[in-house]
K.L.:
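Below: one structure in structure tokens.
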Amino acid sequence: MLSLQDSVSAVPGVGPKTAENLATLNILSVENLLTYYPLRYDNFEVQSVQNAKDQEKITIKGTVMSEPVIARFGYKKNRLSFRLMVNREVILVTFFNQPYLKSKIELGRDLAVFGKWDGQHLRMTGSKLITVDTAESHSYSAVYPTNKNVKKATIKKIITAAFKQYENVIPTLIPESLRQQYHLMSRKEMIREMHFPTSDEQSKLAKRSATYEEFFLFQLRLQATKRANQKRNGLVIKYHNDEIKSFIGQLPYELTKAQKRVVNEICRDLLEPVQMNRLLQGDVGSGKTIVAAIAIYAAITAGYQAALMVPTEILAEQHAQNLAHLFEGLPVNVGLLTGSLTAKQHRILEDQIRTGAINLIIGTHALIQDSVEYANLGLIITDEQHRFGVNQRQKLREKGDRPDVLAMTATPIPRTLAITAYGEMDVSIIDELPAGRLPIQTRWLRSNQNGVALEFVAQELKKGAQVYIVTPLIEESEALDVQNATALYEQLAAYFEPQFKVGLLHGRLSNDDKDAVMEQFKANELQVLVSTTVIEVGVDVANATVMMIYDADRFGLAQLHQLRGRVGRGKQQSYCILLADPKNEVGVARMQTMVDTTDGFVVAQKDMELRGSGDILGQKQSGVPEFKIGDPVGDLKILEIAQHDAAELLKMPHWDDVTDNIPLVAYLKRHQLQTHFD
């Protein structure tokens with residue numbers, strides 16, 4: 001029986017060497033081969049030069065009006081030229097490094113040429129000669145991504161042979177109801193039109209069908225993993241509702257609607273007998289910390305310990321101070337576990353954690369050391385969770401007996417990333433700022449307006465404010481960074497001192513020195529802080545109202561938004577000044593985005609659209625899977641629909657017993673996932 005899971009070597013014409021070469025393109029099975037889709041299509045249908053766009057690839061047809069001439073230049077380089085009469089226009093056609101075509105070009109004969117049209121000079125750079133029959137039959141030619149091991153012609157030939165042999169055993173994976181709802185092709189038809197399109201319209205429909213299928217299958221695997229995890233037993237944390245209400249009631253402010261909604265989602269998870277795996281997203285200053293505090297208190301009222309892991313010691317200390325103050329008079333004993341404790345302090349604290357005398361443990365990755373044992377760990381919260389490796393997070397999850405896990409981030413994650421990289425987590429979003437917070441006003445100035453910016457900064461300093469001034473990191477040279485930052489620091493010190501004190505923070509300082517500078521700034525002993533290192537996410541200096549960023553176009557939008565979030569922590573109006581001379585339209589669009597919106601999610605999505613998913617955090621870090629055909633940014637709507645449809649299918653009782661879904665069940669089994677989720 002033929003099956004798409006057959007080895008690619010089962011295809012006629014694929015010997016051991018070709019199979020080995022195809023493996024370098026990740027083509028191992030017939031299915032891999034048939035879903036190895038083209039990058040683009042060359043359209044060999046004859047087009048009119050009058051309607052052609054400059055530099056567009058088109059096919060023209062005409063009569064050869066001059067003998068082909070070969071001119072040689074450089075080492076092994078040559079140019080073949082001739083003139084073609086196209087609808088009374090004489091067009092010069094040039095082929096580079098294809099001298100063998102000369103024998104096919106005869107004076108007075110009709111010829112079709114595919115190539116790049118130069119609309120300004122009315123000439124064409126040819127890439128291939130087309131038979132006149134092909135040019136008149138609306139023919140499209142698929143162009144495949146290849147490497148040095150496999151030629152384009154080889155791929156084409158093998159795919160043609162494979163389709164001919166296997167077309168009648170291609171199962172359709174998408175359920176019929178969804179196919180009808182979205183007018184999608186059957187899988188056989190889709191694969192045929194992807195490789196051998198019969199028209200522009202059919203080609204577009206095939207691409208839409210293939211995009212939906214790819215996203216749907218990806219989401220099905222993700223949702224199936226999520227449901228399998230949810231079957232694993234977890235703790236039931238029966239918190240005391242009255243005590244939580246009383247705690248919320250004594251806060252000096254009322255929670256926003258978004259905070260209340262998120263608290264309810266988390267509390268619902270605590271009561272469920274499955275391990276919570278929730279991502280809490282909130283823009284800078286949206287009040288995630290108080291939500292975390294309520295979750296911590298809920299776990300403690302149920303008799304459990306809670307742990308809060310943060311990336312740096314200065315953040316751990318800030319959280320410990322803030323939470324100790326918040327829980328004053330309540331049965332919450334806070335312990336701060338960091339690497340800077342003495343051996344004796346460490347030992348005493350570990351004993352208190354082991355016996356349960358301390359029920360809220362705050363620290364850096366010291367929390368996951370083997371020597372740290374918990375009495376009754378019920379809830380783990382990681383802050384700025386993307387700063388921890390997967391292994392570190394996993395190690396913390398294994399510390400207790402399946403504790404609930406809440407990951408927090410102030411880095412706005414675009415919808416695309418949330419759906420693809422974090423699809424197996426439940427996501428809660430705080431999407432409104434606390435009352436009384438004024439939106440930060442952002443201005444973009446060219447670098448020649450530096451004087452205007454510094455005058456504005458001086459005015460703010462006179463009102464008693466503090467100011468961050470950031471200069472970008474130049475990855476090639478840390479020494480150059482320090483030099484640039486030091487030069488800027490000296491200029492600004494000469495400008496502002498002695499009236500205002502200027503400090504400097506850069507990557508060459510020791511951690512102790514960095515902490516000392518930050519402490520001076522927090523205590524208002526420094527009014528201006530010049531920094532190359534991105535100021536720690538979460539460090540609060542409520543008195544800082546201006547963030548000024550030099551060469552702002554050298555930062556990513558998400559980074560700029562994070563930096564902007566360092567100000568605006570108090571009640572007074574805050575400002576962000578971007579000094580930048582962007583070199584192109586994309587650079588201008590990025591600066592304009594920062595001026596137009598303070599919504600981190602809008603900024604993050606725009607960043608992805610302008611730079612592509614792989615460049616946001618680097619493809620390896622971003623977690624965005626590489627799709628063959630779908631673009632998670634450009635096709636976001638299809639991705640969202642596919643996510644919803646996959647979740648709905650898995651909710652159906654006995655969905656995997658339905659005849660229509662048998663190919664899907666087989667697909668999931670091949671991907672080693674449980675398939676029975678009723």
Side-chain angles (χ1 to χ4, degrees), residues 1-45 59 112 114 128-147 149-174 176 179 183-214 217 627-630 660 662-664 666-667 670:
M1 278 287 287
L2 292 176
S3 159
L4 295 196
Q5 303 325 302
D6 290 349
S7 163
V8 74
S9 54
V11 177
V14 179
K17 186 64 188 161
T18 306
E20 197 181 304
N21 290 340
L22 288 170
T24 64
L25 293 171
N26 289 323
I27 299 174
L28 304 171
S29 67
V30 173
E31 182 162 39
N32 296 154
L33 181 65
L34 291 177
T35 57
Y36 192 77
Y37 296 130
L39 278 172
R40 62 168 204 278
Y41 304 94
D42 288 340
N43 182 359
F44 294 150
E45 185 182 348
T59 299
F114 176 77
K128 58 174 79 172
L129 289 179
I130 312 291
T131 67
V132 174
D133 291 348
T134 301
E136 287 171 350
S137 64
H138 309 286
S139 179
Y140 291 80
S141 175
V143 179
Y144 294 91
T146 54
N147 60 19
N149 302 307
V150 187
K151 291 196 177 88
K152 286 176 187 167
T154 307
I155 282 274
K156 220 176 218 177
K157 188 172 140 202
I158 295 167
I159 287 174
T160 305
F163 187 76
K164 197 171 172 186
Q165 187 180 9
Y166 285 87
E167 65 176 314
N168 293 325
V169 295
I170 297 174
T172 295
L173 300 178
I174 304 300
E176 185 62 27
R179 273 187 48 226
H183 307 288
L184 303 175
M185 289 176 162
S186 70
R187 198 171 201 224
K188 173 181 167 179
E189 194 184 359
M190 172 188 90
I191 287 173
R192 182 177 55 233
E193 287 293 333
M194 284 299 291
H195 295 294
F196 323 109
T198 50
S199 71
D200 200 28
E201 197 180 311
Q202 289 294 89
S203 169
K204 282 178 184 157
L205 179 54
K207 187 172 186 296
R208 188 166 69 86
S209 301
T211 299
Y212 178 85
E213 180 190 89
E214 186 172 33
L217 295 177
F627 293 101
K628 287 181 185 177
I629 194 84
D660 194 26
I662 287 171
L664 258 188
Y667 172 85
R670 283 199 302 279

K.L.:
Heavy atoms, side chains only, cut-off 4.5 Å: are K151 and T146 in contact?
P.N.:
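No, their side chains stay 4.5 Å or more apart.
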
K.L.:
Would you find a donor on one side and an acceptor on the other, under 3.5 Å apart, between the side chain of S209 and the backbone of M185?
P.N.:
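The answer is yes, because a donor-acceptor pair under 3.5 Å joins these two groups.
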
K.L.:
Would you give the length of the straight line joining atom CG of L205 to atom CG of D200, rounded to the nearest 0.5 angstrom?
P.N.:
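The CG atom of L205 sits 11.5 Å away from the CG atom of D200.
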
K.L.:
Determine whether the aromatic ring centres of H195 and Y41 lie less than 6.0 Å apart.
P.N.:
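Here the rings of Y41 and H195 have centres that are no less than 6.0 Å from each other.
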
K.L.:
Would you indicate whether K157, at its atom NZ, is surrounded by more than 12 heavy atoms from other residues, nucleotides or ligands within a distance under 6.0 Å?
P.N.:
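No, not enclosed.
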
K.L.:
Rounded at 0.5 Å granularity, tell me how far CD1 in I174 sits from CG in L217.
P.N.:
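Answer rounded to 0.5 Å: 5.5 Å.
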
K.L.:
Take atom NZ of K164 as the centre, draw a 6.0 Å sphere, and report whether it contains more than 12 heavy atoms from other residues, nucleotides or ligands.
P.N.:
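No.
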
K.L.:
Search all heavy atoms of L664 against all heavy atoms of L173 and return the closest pair with its distance.
P.N.:
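Reported closest heavy-atom pair: CG-O, 3.1 Å.
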
K.L.:
Between I158 and L22, what is the shortest heavy-atom contact and its length?
P.N.:
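The pair with the smallest heavy-atom distance is CD1-CD1, 4.1 Å.
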
K.L.:
In Å and rounded to the nearest 0.5 Å, what is the CD1 to OH distance from I191 to Y36?
P.N.:
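Rounded to the nearest 0.5 Å, the CD1-OH separation comes out at 15.5 Å.
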
K.L.:
Under a 3.5 Å distance rule, please check whether T211 uses its side chain to pair with a backbone N or O of K207 as donor and acceptor.
P.N.:
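Between the backbone of K207 and the side chain of T211 there is a qualifying donor-acceptor contact (under 3.5 Å).
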
K.L.:
Does K204 pair with E201 as a salt bridge, N-O distance under 4.0 Å?
P.N.:
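A salt bridge is absent here (no side-chain N lies under 4.0 Å from a carboxylate O).
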
K.L.:
What is the minimum heavy-atom distance between N168 and K188, and which atoms define it?
P.N.:
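Taking every non-hydrogen atom into account, OD1-NZ, 3.3 Å.
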
K.L.:
To the nearest 0.5 Å, what is the distance between CD1 on I130 and CZ on F44?
P.N.:
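Going from the CD1 atom of I130 to the CZ atom of F44 covers 4.0 Å.
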
K.L.:
Quick one: CD1 on I155 to OG1 on T18, what's the gap to the nearest 0.5 Å?
P.N.:
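Between I155 CD1 and T18 OG1, I get 10.5 Å after rounding to 0.5 Å.
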
K.L.:
Output, in order, the C-alpha distance, side-chain angles, deciding distance and verdict of side chain to side chain contact (heavy atoms under 4.5 Å, CB included) for F163 and I170.
P.N.:
CA-CA 9 Å; F163 187 76; I170 297 174; 3.9 Å; yes

K.L.:
Under a 4.5 Å cut-off applied to non-hydrogen side-chain atoms, are V143 and K152 in contact?
P.N.:
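Heavy-atom side-chain distance check passes, below 4.5 Å.
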
K.L.:
Which heavy-atom pair separates S3 from Y166 by the least distance, and what is that distance?
P.N.:
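Nearest heavy atoms, S3 then Y166: O-CE2, 3.4 Å.
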
K.L.:
Before you tell me yes or no, could you show the steps for S203 and E193 under side-chain hydrogen bond (donor to acceptor under 3.5 Å, both in side chains), namely the whole-Å CA-CA distance, both residues' side-chain angles and the distance that decides it to 0.1 Å?
P.N.:
CA-CA 6 Å; S203 169; E193 287 293 333; over 6 Å; no

K.L.:
Could you walk me through whether N32 and V8 satisfy the side chain to side chain contact (heavy atoms under 4.5 Å, CB included) test, starting with their C-alpha distance in whole Å, then the side-chain angles of each, then the deciding distance to 0.1 Å, before giving a yes or no?
P.N.:
CA-CA 8 Å; N32 296 154; V8 74; over 6 Å; no

K.L.:
Please answer whether the main-chain N or O of F627 pairs with a side-chain N or O of E214 as donor and acceptor at a distance below 3.5 Å.
P.N.:
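No.
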
K.L.:
Within the side chain of T172, is there an N or O that forms a donor-acceptor pair under 3.5 Å with the backbone of R187?
P.N.:
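Checking the backbone N and O of R187 against the side chain of T172, a donor-acceptor pair under 3.5 Å is found.
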
K.L.:
Mark yes or no for whether D660, through its side chain, and E176, through its backbone, hold a donor-acceptor pair below 3.5 Å.
P.N.:
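It does hold such a pair.
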
K.L.:
Enter the distance from L4:CG to T35:OG1 here, rounded to the nearest 0.5 Å.
P.N.:
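L4 atom CG to T35 atom OG1 measures 9.0 Å (nearest 0.5 Å).
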
K.L.:
Dump the intermediate steps for salt bridge (charged side-chain N to carboxylate O under 4.0 Å, His left out) on E213 and R179, then the final yes or no.
P.N.:
CA-CA 10 Å; E213 180 190 89; R179 273 187 48 226; over 6 Å; no

K.L.:
Closest approach of Q202 and E189, non-hydrogen atoms and distance?
P.N.:
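So the two residues come closest at NE2-OE2, 4.0 Å.
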
K.L.:
Please name the pair of heavy atoms, one in H183 and one in R208, separated by the smallest distance, quoted to 0.1 Å.
P.N.:
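For H183 and R208, the tightest heavy-atom pair comes out as O-NH2, 3.3 Å.
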
